[in-house]
Every structure is written in structure tokens, then in C-alpha cells.
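Accompanying notes for the structure given below.
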Amino acid sequence: MKSPLLQENVTLAPFTTLGVGGPARFFCEAATESDVQEAVGLARVKSWPLFVLGGGSNVLASDSGFPGLVLRVATRGVKAIESDLLAVSAGEDWDSFVQLSVEKGLAGLECLSGIPGTVGGTPIQNVGAYGAEVGDTIASVRVLSRSSGEIMDLDRQACGFSYRGSIFSGAQQDRFVVLGVTFQLRADPRPRIAYPELMRFLGEKAASASLAEVRQAVMQIRRGKGMILDPTDPESRTAGSFFKNPVLDADRCASIEEAARQLGVLDEAGSMPRFAAGSGCLKIPAAWLIEGAGFRKGFRKGHVAISSRHALALVALAGATAAEVLDLAQEIRERVEERFGLSLEFEPVLIGF
Ligand SMILES: Cc1cc2nc3c(=O)[nH]c(=O)nc-3n(C[C@H](O)[C@H](O)[C@H](O)COP(=O)(O)OP(=O)(O)OC[C@H]3O[C@@H](n4cnc5c(N)ncnc54)[C@H](O)[C@@H]3O)c2cc1C
């Protein structure tokens, strides 16, 4: 690796949307695939821990930083293999690519408008919003194996997409660097709208809305919740949702509903909100559990708050530290567990804790 690419003691805070986090011992921004290969090889040879960073919109970096190499993937390029089959480099900005797809009249990504981060970051947790999941549009993911250095294409099946998960997340998080994603879109000007909130927002237009109108509606809904990065909106200094919505079987749901009745969160006739999540499972809004555990939107602890517009988002206020963000997240998790017997899973990935 050419030494100018490798920097030392680089503060991570500006590379994350939460804006907290100390220095990476080594830091490298890779603009080409061979830079990525070299950086991964160097970390292997030197036995440095390696963290792969995209847009930093789904991470919490610790105040003490990261004791190894942070590799920021900044490769660029969008190539049409066929008119509706697009190969995109991992470092491309996600929302710019969504906008391009809408402008080209290609359907599939419009409901995923306004999500920050890179294209390479999207398969990791199978990003989803407003009734769409990115995995449904992915034909294949081009990856570099961190252990062997081999480059390969994984088809959609091999990516193991699930609700906020894939083979690139969780226990297997350190296996691959995503180099690019190939999207199979639909050359169809008619969006498929399935999400009730989006349908309500579009009203009479829902049946005939264009891709551009759906994109605009999603952006407007998101802006109202502080879910679009906006330097003028202090409530958008977040990592998006901090907690995943639990997916449970019917028995587990019934026991949580019973706990809610005992706590007076639900009356005898009331029922817990839930959504079908396939295979007989149900998705429970984590926001409902958090509010049921007694946390209000806008609740503030030190320099961290629950967004006043979105109960799942933790906002880093001026002067916040990573320890404070984690502290509030843990307090919420503990209180929900105490009350409902269920441990919420964090959505952002922790760096250096
Ligand atoms: C305001 C806001 C709104 C959001 N709304 C949504 C939403 O609606 N739905 C949703 O699903 N998410 C949402 N998010 C979370 C986040 O934007 C997405 O998860 C995004 O895809 C993360 O991409 P990134 O490039 O920023 O990844 P990073 O935050 O940099 O990294 C996240 C994880 O992906 C890994 N990673 C990133 N790039 C690569 C790569 N090239 N190869 C291997 N691993 C990689 C990292 O190692 C880390 O584990 C939101 C975040 C914010 C701040």
C-alpha cells in the first residue's frame, strides 16, 4: 500500500452520523478495489484488527477509538449491465443512486429513499423502510474474502437476507468486504406501495403515483421524523433506529401482551401492535415497548436524547460522548427487559467497545 493512503490516529467522529468516537490507530480511504485489497492484506500481515466503514450512518464508535485499521470504502462507479441490471461500486452514495434509479424509470428502490450511507452498506443489515427491503432488489454482491483475499460474486440466495440481517452481519460480520452490488430493478414506472403510512400520505394518488412522487412522499415523511440527514436539524444527528423491532412467535407475543396488561400499558380489551413477519412470526414495534417501559420521546439524559419525533432514534446532542449514547441505549434495553422480559437488539454496529 502506498504510504500516503495510510493515515495514523484519525478521529472517527466526523466519519459517523452520530458524530462521536475517538481515533482509529490507522485509517485508510480506499478509492479503488486494489486499495481495498492492499489494505486488507496489510491488516492481515500486521495482525491489525480491521473495521470496514462505509458512510458511518449505522455505527457507534467508542470514545477510545479503534486499536487497528479502519478501512473506509470509497470506490465509485455505476455500470448498466442491462437497462434494468445495474452494477454499483460499494462507495457510491446510496440516496444518489436511488435518485438515479427513479430518474431512469426503474422501480424497486423508491421506498428506500433518504437512507444515508453507501451502497456497500445496504446489504449488511438488508436495509428496509416503508415496506421495502434492499435484498429483494439485489441480484448479487461482489465481495472480497478478508481471510483469503479472494474476490467472488454471491447471488441473492447466498446473501441470506432476513429482517435487518444477512450473512454480512452478526457473527459473520468480519468475513467479507463488500466491493459492489448488482441491482435487478423493474423497468416499470408503477411503484408497488404496500405500507399503510405511505398509502395514507399519498391518499387518492396512491394507486397512480409515479416513482418520483413516491420518492418525494417518502422523503417528506422521513424529514418529519428527523430520519433524513440535515445539518440544520439537530435531531438528525443519529444512527437512525437504535433498536431492531423484535420478531417473535405467537406464544412469545402472547406473553409480552400479558406483561403489558399486568403493567397497565394495555387494558383488558387492548392488543399490542404487530405485523406479520413470515413463517408465522410477528414483528413488534420496539418503539411501542420503549414507550411502554416509560420512556417518552424527547427524554434526555446528559448530552443524549430520545428523538422528540421518533422513539427509536437516539440523538447525540452537542458535547455528547459515545459512552453517554451507549449508557442511554443500555438503560432503555434494561428497562424494556425488566418490564417485558425481552432484550432489544441494537441496530448500529459498535466499533472499539
Ligand atoms: C437518519 C438515519 C436514518 C436511517 N434510516 C434507515 C432506514 O430507514 N432503514 C435502515 O435499514 N437503516 C437506516 N439507517 C441506518 C443506515 O443508514 C443504514 O444501515 C446504511 O445502509 C448504513 O450504511 P453505511 O455505508 O453508512 O454503513 P456504516 O454505518 O459505515 O457501517 C455499518 C455496518 O456495515 C459495515 N459495512 C459498511 N460498508 C461495508 C462494506 N463495503 N463492506 C463490508 N462491510 C461494510 C460496517 O462494517 C458496519 O458493520 C438510518 C441511519 C440514519 C442516520
Side-chain angles (χ1 to χ4, degrees), residues 17-18 57-60 111-112 115-116 124-133 161-166 169-170 195-198 221-222 224-227 235-266 270-279 281-301 304-316 325-350:
T17 54
L18 271 165
S57 62
N58 208 26
V59 294
L60 172 63
C111 291
L112 300 173
I115 299 177
I124 309 299
Q125 70 157 5
N126 184 19
V127 299
Y130 300 97
E133 282 187 347
F161 292 119
S162 58
Y163 166 68
R164 293 299 182 275
S166 70
S169 62
Y195 201 73
E197 187 184 2
L198 184 55
I221 298 173
R222 296 183 72 94
K225 297 179 182 174
M227 283 291 110
E235 289 217 314
S236 75
R237 199 176 144 192
T238 71
S241 299
F242 209 95
F243 302 94
K244 295 185 188 181
N245 293 319
V247 176
L248 308 169
D249 64 25
D251 287 349
R252 195 88 172 81
C253 275
S255 73
I256 291 170
E257 200 162 49
E258 186 47 36
R261 289 209 179 88
Q262 303 275 333
L263 291 163
V265 174
L266 278 179
S271 61
M272 180 166 73
R274 68 196 71 192
F275 305 93
S279 318
C281 286
L282 297 160
K283 197 184 328 174
I284 310 301
W288 186 85
L289 296 166
I290 291 170
E291 294 190 283
F295 291 97
R296 304 254 166 287
K297 287 186 190 138
F299 172 84
R300 184 177 166 163
K301 187 176 183 192
V304 183
I306 297 175
S307 164
S308 66
R309 290 175 275 158
H310 185 356
L312 288 189
L314 299 188
V315 179
V325 176
L326 190 61
D327 179 54
L328 179 55
Q330 275 167 341
E331 185 177 329
I332 293 171
R333 179 151 76 178
E334 278 160 26
R335 186 104 61 91
V336 168
E337 185 158 17
E338 235 170 71
R339 297 205 135 199
F340 298 105
L342 173 88
S343 180
L344 291 179
E345 222 181 300
F346 294 159
E347 200 177 288
V349 176
L350 305 187

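In this text the structure is predicted, and so the values were computed from the model without any measurement.
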Nearest heavy-atom contact between Phe340 and Ala293 is CE1-N, 3.9 Å

Looking only at heavy atoms, the pair that brings Ala129 and Leu112 closest together is N-CD2, 3.5 Å

Below 4.5 Å, heavy atoms only, C-beta onward: do Asn58 and Glu347 meet side chain to side chain?
yes

Distance col, row Thr17:OG1 vs Arg237:CZ, nearest 0.5 angstrom, shows 9.5 Å

Of all heavy-atom pairs linking Pro116 and Ser57, the shortest is O-OG, 3.5 Å

| said: Do Glu291 and Val265 make a side-chain contact, defined as non-hydrogen atoms from C-beta onward lying under 4.5 Å apart? | reply: no

Rounded to the nearest 0.5 angstrom, the CD1-CG distance for Ile284 and Asn245 is 9.0 Å

Looking only at atom types and distance, does a side-chain atom of Ser166 sit under 3.5 Å from a main-chain N or O of Ile124, one as donor and one as acceptor? yes

Contacts satisfying side-chain hydrogen bond (donor to acceptor under 3.5 Å, both in side chains) that involve residues 257-266 (not counting sequence neighbours) are Glu257-Arg274, Glu258-Gln262

Evaluation steps, side-chain contact (heavy atoms from CB on, under 4.5 Å), between Leu314 and Ile306:
CA-CA 5 Å; Leu314 299 188; Ile306 297 175; 4.0 Å; yes

Kindly assign one of parallel, tilted or perpendicular to the pair Tyr195 and Tyr130, based on the angle between their ring planes and the thresholds 30° and 60°.
-> perpendicular

To the nearest 0.5 Å, atom CD of Glu133 lies from atom OG of Ser162 at 8.0 Å

| task | Walk me through it: do Ile115 and Arg222 pass the test side-chain contact (heavy atoms from CB on, under 4.5 Å)? | result | CA-CA 9 Å; Ile115 299 177; Arg222 296 183 72 94; 3.7 Å; yes

Hits for side-chain hydrogen bond (donor to acceptor under 3.5 Å, both in side chains) against Ser307, two or more places apart or cross-chain, chain-then-number order -> Glu235

Please list, one pair per line, the donor and acceptor atoms closer than 3.5 Å that link side chains of residues 326-333 to other protein atoms, with sequence neighbours excluded.
from, atom 1, to, atom 2, distance (Å)
Asp327, OD2, Lys301, NZ, 2.8
Glu331, OE1, Lys301, NZ, 2.6
Arg333, NH1, Leu344, O, 3.3

Sorted by chain and residue number, the side-chain hydrogen bond (donor to acceptor under 3.5 Å, both in side chains) partners of Ser255 (sequence neighbours excluded) come out as none

Which of Ile256, Leu263, Leu289 passes side chain to side chain contact (heavy atoms under 4.5 Å, CB included) with Arg339? Answer is Leu263

d(Thr238 OG1, His310 NE2) to nearest 0.5 Å is 8.0 Å

**Heavy-atom side-chain contact between Leu342 and Arg252 under 4.5 Å** = yes

Separation between CD (Glu197) and NZ (Lys225), nearest 0.5 Å, reads 3.5 Å

Taking the side chain from Arg164 and the backbone from Gly128, do they hold a donor-acceptor pair closer than 3.5 Å? yes

Under a 4.5 Å cut-off applied to non-hydrogen side-chain atoms, are Met227 and Arg309 in contact?
no

Across all chains, not counting sequence neighbours, the side-chain hydrogen bond (donor to acceptor under 3.5 Å, both in side chains) partners of Asp249 are none

CD1 (Ile290) and NZ (Lys297) are apart, to the nearest 0.5 Å, by 11.0 Å

In short, Ser241 meets Pro348 closest at the heavy-atom pair O-CD, 4.0 Å

**Message:** Taking the side chain as everything from C-beta on, heavy atoms only, tell me whether Phe242 gets closer than 4.5 Å to Leu60.
**Reply:** yes

Residue set satisfying ring pair (Phe, Tyr, Trp, His ring centres under 6.0 Å) with Tyr163, at least two apart, ordered chain then number -> none

